[in-house]
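These notes concern the structure reproduced below.
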Amino acid sequence: MKISVIGTGYVGLVTGTCFAESGNDVICMDIDARKIEMLNAGIVPIYEPGLEELVKRNMAHDRLSFTTDMSKAVKKGEVIFIAVGTPPGEDGSADLKYVLGAAREIGKYMNGYKVVVNKSTVPVGTGDKVKAAVAGRTRFKFDVVSNPEFLKEGAAIEDFMKPDRVVIGTDSAKALEIMQELYSSFLRKGDRTLAMDVRSAEMTKYASNAMLATKISFINEMAAICAGLGADIDSVRKGMGYDKRIGFEFLFPGVGYGGSCFPKDVKALVQTAREYGVDAKVLKSVEAVNDRQKALLSGMIIRHFGGKDGKRAAGTGKPLSGRTIAVWGLSFKPRTDDMREAPSVVIINSLLRAGATIKAHDPVALDEARKIFRNRITLMDDDYETLRGADALAVVTEWSEFRTPDFHKIKKLLKKPLIFDGRNIYNQAELRKMGFTYYGIGRR
Ligand SMILES: NC(=O)c1ccc[n+]([C@@H]2O[C@H](COP(=O)([O-])OP(=O)(O)OC[C@H]3O[C@@H](n4cnc5c(N)ncnc54)[C@H](O)[C@@H]3O)[C@@H](O)[C@H]2O)c1
């Protein structure tokens, strides 16, 4: 099938590449000329495990190409995916200017029947707006489909190729058939295609992300209560997770959720609910707990060194002045270089405000971090060197290489053996036996 993808970011590039890998003829378009130039040179502008190899292979087989030319992209595809960004507007609702801009352009250049598929995460009712935007510019027939994307950065290819489910929202039997055929190669072990109306498909995406964010804020709240009670969140989490109705997924206490999806999607759903007269009380609390969680680790560090919740300690200047904190992990989660809404940014900014000097290491996000922090912190290529002479180690993102480090080496490199474990990845009993002072999230 001939496929066009408008917007070649995380979702667009993975979508286009995976459809090419299953034998389709794909063109990916973006308005960012630098991105397209890099891709045409075989360089993948984002870090996503396995993606570069797939991009190169499909380019070599002439199944995948990249362009900035909207007209060429629209004319080629029978199925056109919109995968542009939907950032939050000022009131938290999703800003649709990129989606509707792309839809108008699609209408302008259409040369026959097309299936226009919305893969961006968009508020309920956007399907109708896309339909109107395309229809305003064309005399050709088309159908609009909502096909939200559920991939996870860091495991995006696996998620796309072996989806838990494919949601297809449309009122057109013809478009549904085309979409089912397109996805059939990914669903050979059983059809997990869910056909529904456009609005339900749009809502399914928000409801799914809102549920996952809720699980994270829920366990973080339980961790806060455990810390107060003297109970151990790790034991509590396991005790809960074996209940099949609850499960273990997304029940890890930490430094709060970040990334390009959960924060903006929860905000957008709160806003949509408000528009329809519903006060989304659970979701507002989910957000509030997450904000509190992002401030937790820096608060612990400041308190340890004698400051009071970030306020100046009387007569001693800023609470962390003269202190160096080594940070491991900057991306919002492991296996990605994405730093959008990353808890590390909130934590580091708070430590800087308290007067600390920051040295930080991340396996892949250093370039992204440089854009955010510039020269306000020292970015280190080597994980252990980051620790040399620092007053403490703060683990912010649970990359696998941080999970079983050489603690003897850490002890030697730090001024004093002190660890703030923002992801509860270490065995605190063992560390304490080794002479470390250890802080975790909601742990005894
Ligand atoms: N990143 C994820 O993990 C993820 C997962 C599921 C769904 N989503 C959703 O998918 C959508 C895209 O997210 P993303 O992370 O891929 O964003 P992104 O910012 O990585 O990519 C968006 C791309 O669209 C391009 N663009 C903007 N306007 C354009 C236009 N008119 N024509 C062509 N290109 C245009 C931008 O230059 C950019 O390259 C969002 O709605 C997001 O919520 C993201």
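Both counts, for ligands and for their atoms, begin at 1 and track the order of listing. Quick caveat: nothing in here was measured; it's all calculated off a predicted structure. Note that the numbering runs from 1 along the sequence shown for the chain.
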Point to revise | Test item, Lys152 contacting ligand 1 (heavy atom, 4.0 angstrom) | key: no

Practice item. Check whether any heavy atom of Gly101 sits under 4.0 Å from an atom of ligand 1. Key: no

Does [X] reach ligand 1 with a nitrogen or oxygen that is under 3.5 Å from one of the ligand's nitrogen or oxygen atoms?
X: Glu153; result: yes
X: Ile6; result: no
X: Tyr98; result: no
X: Asp30; result: yes
X: Asp265; result: no

Within a distance under 4.0 Å of any heavy atom of [X], pick out the atoms of ligand 1 and give their elements.
X: Lys35; value: 38 (C), 39 (O)
X: Ser260; value: 1 (N), 2 (C)
X: Leu151; value: 3 (O), 5 (C)
X: Cys261; value: 2 (C), 3 (O), 4 (C), 5 (C), 8 (N), 44 (C)

For [atom], which of [options] has the closest heavy atom?
atom: atom 42 (C) of ligand 1; options: Glu48, Arg104, Lys264, Glu149; answer: Lys264
atom: atom 9 (C) of ligand 1; options: Thr121, Asp338, Leu96, Ile46; answer: Thr121
atom: atom 20 (O) of ligand 1; options: Tyr10, Phe150, Phe262; answer: Tyr10
atom: atom 34 (N) of ligand 1; options: Gly7, Cys28, Gly259, Ala268; answer: Gly7

For the residue pair [Y] / [X], report whether a side-chain donor-acceptor contact shorter than 3.5 Å exists.
X: Tyr109; Y: Arg137; value: no
X: Ser71; Y: Lys75; value: yes
X: Ser217; Y: Asn220; value: no
X: Glu153; Y: Thr336; value: yes
X: Thr386; Y: Asp383; value: no
X: Asn147; Y: Tyr183; value: yes
X: Asp338; Y: Tyr47; value: no

Check your understanding: Got a second to check how far Lys333's NZ is from Ser344's OG, nearest 0.5 Å?
Key -> 14.5 Å

Nearest neighbour in protein (non-hydrogen) for [atom]:
atom: atom 40 (C) of ligand 1; value: Thr86 OG1, 3.5 Å
atom: atom 8 (N) of ligand 1; value: Val11 CG2, 3.5 Å
atom: atom 21 (O) of ligand 1; value: Gly9 CA, 3.2 Å
atom: atom 22 (C) of ligand 1; value: Gly85 N, 3.6 Å
atom: atom 11 (C) of ligand 1; value: Val84 O, 3.4 Å

Return a table of donor-acceptor pairs under 3.5 angstrom between the side chains of residues 120-127 and protein atoms on other chains or two or more places apart.
{"unit_1": "Ser120", "atom_1": "OG", "unit_2": "Val84", "atom_2": "N", "d": "3.1"}
{"unit_1": "Ser120", "atom_1": "OG", "unit_2": "Val84", "atom_2": "O", "d": "2.6"}
{"unit_1": "Thr126", "atom_1": "OG1", "unit_2": "Pro123", "atom_2": "O", "d": "2.6"}

Part of [X] within contact of ligand 1 (heavy atoms, under 4.0 Å):
X: Glu105; answer: neither
X: Ser120; answer: both
X: Ala83; answer: backbone
X: Arg340; answer: side chain

**Study point:** Parallel, tilted or perpendicular, as decided by the 30° and 60° cut-offs, for the rings of Phe19 and Phe160
**Key:** perpendicular

Check your understanding: Looking at Phe332 versus Tyr257, is the centre-to-centre ring distance below 6.0 Å?
Key -> no

Check your understanding: Is there a donor-acceptor contact under 3.5 Å from the side chain of Asp159 to the main chain of Lys152?
Key -> yes

**Study point:** Glu149: which of Lys119, Lys205, Arg165 passes salt bridge (Lys or Arg N to Asp or Glu O under 4.0 Å)
**Key:** Lys119

Point to revise | Pairwise side-chain contact, Arg192 with Asp164, heavy-atom cut-off 4.5 Å (strictly under) | key: no

